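Right, one structure below, let's go through it.
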Amino acid sequence: MLLPIKKGQPISLKKALLVVTVICWTVPIIVFMIFLFSYYRNNVIQKTEALMEESLKNYTSFHSQKLNEAIESSKKISYDLVLEKAWRRYKNGEISDAGFYKEVIGNLKSKYINDNRFLMTTFYLSENTDKLYYATREQASYIQIYTRDVKRYAEAITSENSSDANVKIINGRIYIIRNLYTTRNYTKFGTLVLELNKEKLFDGINIMKEYDLGFFVDDPGEMVLYNDELKEQDEKTVLKELKCKFNWKNNRKMVKTEDKIYQGILYQQKFDDYYYGAVLIANKDVIFSEIRVMNSLILFNILIIVPVFIYMLYFISHNITKPMERMVKAAKNIEGGRFGWQIKGNAMPNQEFTYLSDAFNRMSSEVKYLFDYAYKEQLARKEAKILALQSQINPHFLNNTLEMMNWQARMAGDDAVSKMIEALAVLLNQSMGRENRKLISLAEELKGADAYIYITSMRFGDRIHFDKDIDENLMQIQLPQLILQPLLENAVVHGAYTVKGGAINLSVYQEEEKVILKITNTGNLSDEEERKIKALLENNNTKLPETKERHNSLGIRNVNERIKLIFGDNYGLSIHTEKGVVISAITMPCNWEEDDNGKTAQISEKPEGLGEDKAEV
């Protein structure tokens, strides 16, 4: 019959290997995936978007500089006074229409047509907007284009009382329109219209081929594109959304939008004469190509990792878990009483398990032989040896041995070892209790406590500081043996030692009709720990778990039970946390004595010294 698996028993090797294998494979892969998708992917996106934003700002700075230079050129014609003087002479009748025309055209050509930044220049008088004085670089019918596209905008600006330069984008052409005023009495006498050369406007800018760039001035409805027009409908949709997000209140701000394929950015900036908006649209598959490569790499790795992982599971199962299951099954048969059971069947898959199975079979045969023929004889020999050892290890033998060790240490001049041996001897004598006394004096109990403190101090050095505060008038009071050492040990192990250092204080004092033995130590108790300690001292949990704290738990419970048995339920041990320290306090009656039967009785007065008579009961 197989024994059932007990609670708390380790899991099987098969499960452990499966868990470890899965963790060792999945955790690094998951961490790698998280890194790629959260850090690397976001880093690529952030850097690409930062590059796009920087390109858009450079694009804006480049164009705005050229636009501002063209606007300054349009203002200089007012400062040289050529057109103003010609107009005054024409108005005063000093020159004819032909003479005025000649002077105006000559001035326009010298100022603008010889400058390759401009394609066309037009001037007309404010009182006669239909009579145009123009010069152009293009051979096309300029008058037809002007009449169709520009005239209404120019005349609208002529009607305004302002000399500000107006930048207009009309059907993909860029114009600067401004009124001209006299310098003396600020009288409007005409309007100047300049068409900019787009090729020169874009000339010199380094634009990445992955980007579609464009800009508008004041009105997002009209704009100039670097590539003349957008080919894809999705690009046009993104551009339309960007135009809808245009806001006159936004200055030096980036506005973004995107769909499944394209990502667009709008950058707006306010200048003295106009409000500029630059637009960048890019295909996400192109600008984020690194992410696509990364996704392909991840998929490729998964296609490799999955078969390797499956093969590893098969390898572990075939070479480790299945042979181990065969050996465990054989061991359980022997455990069930089938001595001599042999592992048979298919050969083991590797040398190690072959050796183990052969060794197991030999051992099983040996066990059967020993059980059948030599068990009782061997058991008798072992019992004899144990009795012999027990007879040798007795208090007298241990004390003599410690005395010899102490003598050797003193002869060698090793005072530290000698003191530790003496302290250990004190602890052994006290713990063995060879005099079989139930009560001892506080002075004797402190000797054992001092020995433990000295050994602990040598072990931990400066990490733990011990301090004592003892009322000398209480040195001869009687108390149970070995009640301080368990509390000191508990303070070291569960107090100061858990915080890698601290202080432990032992104090003994009288409080009304009670004597208090208090140990405080650096540390803290959780609510759960305090609840368990309270239940332990109230004897609510009679069965303690088999843990490393069981020894200390037994010690403090033993101290509490002995005090209550000797002095009554009004006295005992309490442990709690207060202001960052753990306090362990023993309360005992101050005035009591032990009768001839070993029982305690309270007396009327406190004994004040050794050798004095005690009051009667």
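What you see is a predicted model, and the numbers here were worked out from it, not measured in a lab.
Side-chain contact between K47 and M52 is absent, with no heavy atoms from C-beta onward closer than 4.5 Å. Annotation: side chain of L194 is not in contact with side chain of M120 (no heavy-atom distance under 4.5 Å). No side-chain heavy atom of K518 sits less than 4.5 Å from a side-chain heavy atom of S584. Using a 4.5 Å cut-off on side-chain heavy atoms (C-beta onward), I575 and V582 make contact. Using a 4.5 Å cut-off on side-chain heavy atoms (C-beta onward), Y112 and I77 make contact. Contact annotation: the side chain of D527 never approaches that of E529 to less than 4.5 Å [non-hydrogen atoms, C-beta and beyond]. Here the side chains of V238 and E258 are not in contact, with every heavy-atom distance at 4.5 Å or above. Counting heavy atoms from C-beta on, the side chains of I504 and I464 come closer than 4.5 Å.
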(message) Evaluate K260 against D234 for salt bridge (Lys or Arg N to Asp or Glu O under 4.0 Å), listing each step before the verdict.
(response) CA-CA 9 Å; K260 294 182 179 179; D234 292 331; over 6 Å; no

(request) Dump the intermediate steps for side-chain contact (heavy atoms from CB on, under 4.5 Å) on L192 and L108, then the final yes or no. (result) CA-CA 10 Å; L192 179 67; L108 293 178; 3.9 Å; yes

(request) For D97 and Y90, run side-chain contact (heavy atoms from CB on, under 4.5 Å): C-alpha distance rounded to whole Å, both residues' side-chain angles, the deciding distance at 0.1 Å, then the answer. (result) CA-CA 7 Å; D97 288 343; Y90 174 69; 2.4 Å; yes

(request) Take T183 and Y79, measure what side chain to side chain donor-acceptor pair (under 3.5 Å) needs, and give me the verdict at the end. (result) CA-CA 8 Å; T183 56; Y79 303 145; over 6 Å; no

(request) Using the side chain to side chain donor-acceptor pair (under 3.5 Å) rule, take T129 and E155 through it: C-alpha gap first, then chi angles, then the decisive distance, then the call. (result) CA-CA 7 Å; T129 60; E155 290 180 354; 3.3 Å; yes

(message) Run E222 and K168 through salt bridge (Lys or Arg N to Asp or Glu O under 4.0 Å) and show every step you take.
(response) CA-CA 8 Å; E222 291 283 351; K168 294 289 184 180; over 6 Å; no

(message) Applying side-chain contact (heavy atoms from CB on, under 4.5 Å) to V167 and F271, what does each step give before you reach the verdict?
(response) CA-CA 11 Å; V167 181; F271 294 93; over 6 Å; no

(request) Take D218 and Y276, measure what side chain to side chain donor-acceptor pair (under 3.5 Å) needs, and give me the verdict at the end. (result) CA-CA 6 Å; D218 292 335; Y276 186 92; over 6 Å; no

(request) Kindly indicate, with the supporting measurements, whether the criterion side-chain contact (heavy atoms from CB on, under 4.5 Å) is fulfilled by F466 and T456. (result) CA-CA 10 Å; F466 288 92; T456 304; 3.9 Å; yes

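Of the N and O atoms on the side chains of D149 and Y175, not one donor lies less than 3.5 Å from an acceptor on the other residue. For the residue pair S526 and R531, no side-chain donor N or O sits within less than 3.5 Å of a side-chain acceptor on the partner. For the residue pair N179/T191, the side-chain donor-acceptor check at 3.5 Å is satisfied. No side-chain donor from either of S64 and Y274 sits under 3.5 Å from a side-chain acceptor of the other. Looking at S61 and N58, their side chains never bring a donor and an acceptor atom within 3.5 Å of each other. A side-chain N or O of S73 and one of R117 form a donor-acceptor pair less than 3.5 Å apart. Counting only N and O atoms by type, the side chains of E530 and T577 include a donor and acceptor under 3.5 Å apart. No side-chain N or O of Q269 forms a donor-acceptor pair with one of T60 less than 3.5 Å apart.
Counting non-hydrogen atoms of other residues, nucleotides and ligands closer than 6.0 Å to CG of N128 gives a total above 12. Heavy atoms from other residues, nucleotides or ligands lying under 6.0 Å from CD of Q351 number 12 at most. Taking a 6.0 Å sphere around NZ of K91, one finds it holds 12 or fewer heavy atoms contributed by other residues, nucleotides or ligands. Heavy atoms from other residues, nucleotides or ligands lying under 6.0 Å from OH of Y186 number more than 12. Within a 6.0 Å sphere centred on CD of Q144, other residues, nucleotides and ligands contribute 12 heavy atoms or fewer.
A salt bridge is defined here as a Lys NZ or Arg NE, NH1 or NH2 lying under 4.0 Å from an Asp or Glu carboxylate O, and R89 with E103 meets this definition. For K111 and D80, the salt-bridge test passes: some basic side-chain N is under 4.0 Å from an acidic carboxylate O. The existence of a salt bridge linking K76 and E72 is excluded, since no basic side-chain nitrogen approaches an acidic carboxylate oxygen closer than 4.0 Å.
Partners of Y101 according to the ring pair (Phe, Tyr, Trp, His ring centres under 6.0 Å) rule, which considers only residues two or more places apart in sequence or in another chain, are Y133.
Distance alone, capped at 3.5 Å, places no donor-acceptor pair between the K75 side chain and the S163 backbone. In this structure, the side chain of K66 engages the main chain of K200 through a donor-acceptor pair within 3.5 Å. Checked by atom type and distance alone, the side chain of T522 pairs as donor or acceptor with a backbone atom of A503 at under 3.5 Å. Between the side chain of N107 and the backbone N or O of V82 there is no donor-acceptor pair closer than 3.5 Å.
For N521 against A491, the heavy-atom pair with the smallest separation is OD1-CB, 3.6 Å. Across all non-hydrogen atoms, the minimal contact from K188 to S126 is CG-OG, 3.5 Å. For F215 against H63, the heavy-atom pair with the smallest separation is CD2-ND1, 3.4 Å. Closest of all the heavy-atom pairs between S78 and R178 is OG-NH1, 3.3 Å. The minimum heavy-atom distance between A86 and I95, with the atom names listed, is O-CD1, 3.7 Å. For the residue pair E195 and R173, the shortest heavy atom distance occurs at OE2-NH1, 2.6 Å.
Between L242 atom CG and K245 atom NZ the span is 7.0 Å, to the nearest 0.5 Å. Rounding to the nearest 0.5 Å places CG of L225 at 6.5 Å from CG of L239. To the nearest 0.5 Å, atoms CG (L280) and CD1 (I265) are separated by 6.0 Å. The distance from atom CZ of F118 to atom CG of L196, rounded to the nearest 0.5 Å, is 6.0 Å. The structure places CD1 of I157 at 12.0 Å from CZ of R152, a figure rounded to the nearest 0.5 Å. Taken from CG in D164 to CD1 in I177, the straight-line distance is 13.0 Å, to the nearest 0.5 Å.
Separation of the Y59 and F62 ring centroids does not fall under the 6.0 Å cut-off. Outside the 6.0 Å centre-distance limit, the rings of Y146 and Y134 are not counted as a close aromatic pair.
The side chain to side chain donor-acceptor pair (under 3.5 Å) test with T257 is passed by exactly one of K240, E241, Q263: E241.
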